Amino acid sequence: MPVGRHPDPGTLYDAVVIGAGFSGLAAAVRFASLGRKVCLLERHTIPGGLNSYYSLGGRVYDVGLHALTNYNTGDARAPLRRALRRLGLEVADLGLDPQTTSRIALGEAELVFSNDPAFLEDGIAARYPAEVDGYRRMVQALPGYADAAEMAGRGGAREFLARHLQSETLRELLLMPPMLYGSPTEDDMDFGVFAALFRAIFLEGLCRPRGGIRTLIRLLLRRLREEGGESYFGCGVRRFEVEDGRISALVLDDGTTLQARRVLSSIGLHETLALAGTATPTGAAGRISFAETFTVFSGTPADFAWKDGVVFFSRGPRFIYHKPDGLVEPASGVICIPENFGPSEGRQEGPQKGRRPEASLRITCLANHENWTRLSEDDYRLEKQRCFAEMRRVALDFLARPGAGVLEARTLATDMFTPRTIVKYTGHFAGSVYGTPAKSWKGVTPFANLRVCGTDQGGLGVVGAVISGLWSADLMALSKT
Amino acid sequence: MTADQTRQAVLDIITEIAPDEDLSALSNDVPLRQQIQLDSMDFLDIVMELRKRYGIEVPENDYGKLSTLQGCMEYLQPKLP
Ligand SMILES: Cc1cc2nc3c(=O)[nH]c(=O)nc-3n(C[C@H](O)[C@H](O)[C@H](O)COP(=O)(O)OP(=O)(O)OC[C@H]3O[C@@H](n4cnc5c(N)ncnc54)[C@H](O)[C@@H]3O)c2cc1C
């Protein structure tokens, strides 16, 4: 990465994009493809933001990525296919491995889903025969993507589910994946966000790029270079200069001043307004943050009889989705086994030549940012170990259990991240992953030439962020300066 | 390019953006967005493709000139090889 290179203070950019997460990357590519002089600024030394990667002990770890949503791209107007085309990419470029199955486990209840919506419907018909008509009506009643933003703020997902389904257990089962994959609000989620994520997960399905999240990051960077866009890493924005209700200049971390006609920020709504000196109202920072454990084993997931790509789990009959009082909430969360994506025949063919097979297990649970932040360095290390063990103990109850000592003997590497890590690498207030609960659906700010995109515009998840970046860049490109 | 070839070049781009639309009976004088389902972002896709395929930069102030096929032909033909 060209760390240390700096944008030219003498240039008047058509657009400066702040943050090289997925929304910022997509927006910058789009501005450049429309012939605009664009400059992408990222404080961190590598791109990706909340979904990045790092190397440790000779292994590359994806941060976050369990799965990409919106897999089914058959229809030319399918969101992922459309977004990729707008970026000058094709679906095939990503090398997407679809999931085989994923599972939702809530106490004793269970539902399995695949990338075929009929499979989920059959599962509901088999376990909840009285509910299947209601389920079908519910799916029919979901607004399309274009209308989902309009539905924002019009009630919660629980009320919508209750209108169609009698069984509280079934409602919990269907709410758990959309909520864990993108609700900025605790306990219930906005109906519009639910509808978009329900489609993205259950109706369009899950997949992973074969090379991990780096594949998509590199494709976006390549497209940006091809279109003549500039990007600078290790180059954060410290503050804005404001004149007549507009951002008149950006002051970078090193003191350089940049001029831009338009500024699009992906760093979060309040994080952005803070650059203009606006204080964040109490309660505006998101409360949803996560801790994640990561373990690499020798062998394949099949060796442990682990079949599912993703398992959404809750120990009790009601899943927990609010900020824990302690450090983590191990009783509900998500398990991901990345090696379980891809054609099962491919997996049985065994390891790539010269590489021993490895299986990895990620466990993600809600975490309390302030409590993690308060710890001394020593306590932080100790608590990480303790929480690692606790999260793993609960989560393993939802997977087939290999013989005693097998997992320990096969462990090659472990790692863990906490809300503290998220703040360090993304700057999101309170380590918030899904951003502020009060989204800026239109992306507008009090400053005429400043918009926000990404998580706080309502673009949740990687695909949501990409779509948000494209949409925001388009609106800015069409607006008069 | 002739006017007809220019028209075809634009239609080729639209086919890629909106493959589900029937473009065979498009009128030259009626705004495209009144004849087929194209939102303002699809319209920007046309701008993007013109740049990619033919190196034509369309400044924002000229976007309005591309609203009809006739407008596209008049605006683009002198810029095309
Ligand atoms: C643990 C975890 C698991 C996840 N799993 C999935 C998953 O399986 N599937 C999925 O689709 N999504 C997942 N997500 C969510 C997904 O990562 C995010 O929704 C998405 O990446 C957000 O993108 P963004 O562009 O909105 O923001 P960000 O990724 O936050 O990008 C903002 C960027 O701005 C930079 N920045 C901040 N301040 C400044 C400044 N002042 N100057 C310059 N740059 C600055 C940051 O460094 C960052 O790179 C997960 C997230 C986490 C944390």
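As the structure is a prediction and not an experimental result, all values here were calculated from the model. First the proteins, then the strands, lettered A, B, ... as listed; each starts at 1.
For B:Asp42, the parts lying near chain A are the backbone and the side chain together; criterion is any non-hydrogen pair under 4.5 Å. Both the backbone and the side chain of B:Asp45 have a heavy atom closer than 4.5 Å to some heavy atom of chain A. Residue B:Ile17 touches chain A through both its backbone and its side chain, counting heavy-atom pairs closer than 4.5 Å.
A salt bridge is defined here as a Lys NZ or Arg NE, NH1 or NH2 lying under 4.0 Å from an Asp or Glu carboxylate O, and B:Glu60 with A:Arg261 fails to meet this definition. Salt bridge A:Glu227/B:Arg51: present, at least one basic N to carboxylate O contact under 4.0 Å. Taking the charged nitrogens against the carboxylate oxygens, A:Glu226 and B:Lys52 have no contact shorter than 4.0 Å, which rules out a salt bridge.
Shown here is B:Asp20, whose CG atom has more than 12 heavy atoms of other residues, nucleotides or ligands within 6.0 Å. Heavy-atom neighbours of B:Gln8 CD from other residues, nucleotides or ligands within 6.0 Å: above the threshold of 12.
Nearest heavy-atom pair across A:Arg30 and B:Met48 is NH1-SD, 3.1 Å. Shortest non-hydrogen contact noted between B:Leu44 and A:Leu34 is O-CD2, 3.4 Å.
Applying the ring pair (Phe, Tyr, Trp, His ring centres under 6.0 Å) test to B:Tyr54 and every residue at least two apart in sequence or in another chain returns nothing. Legend: residues meeting ring pair (Phe, Tyr, Trp, His ring centres under 6.0 Å) with A:Phe447, ordered by chain and number and at least two apart, are absent.
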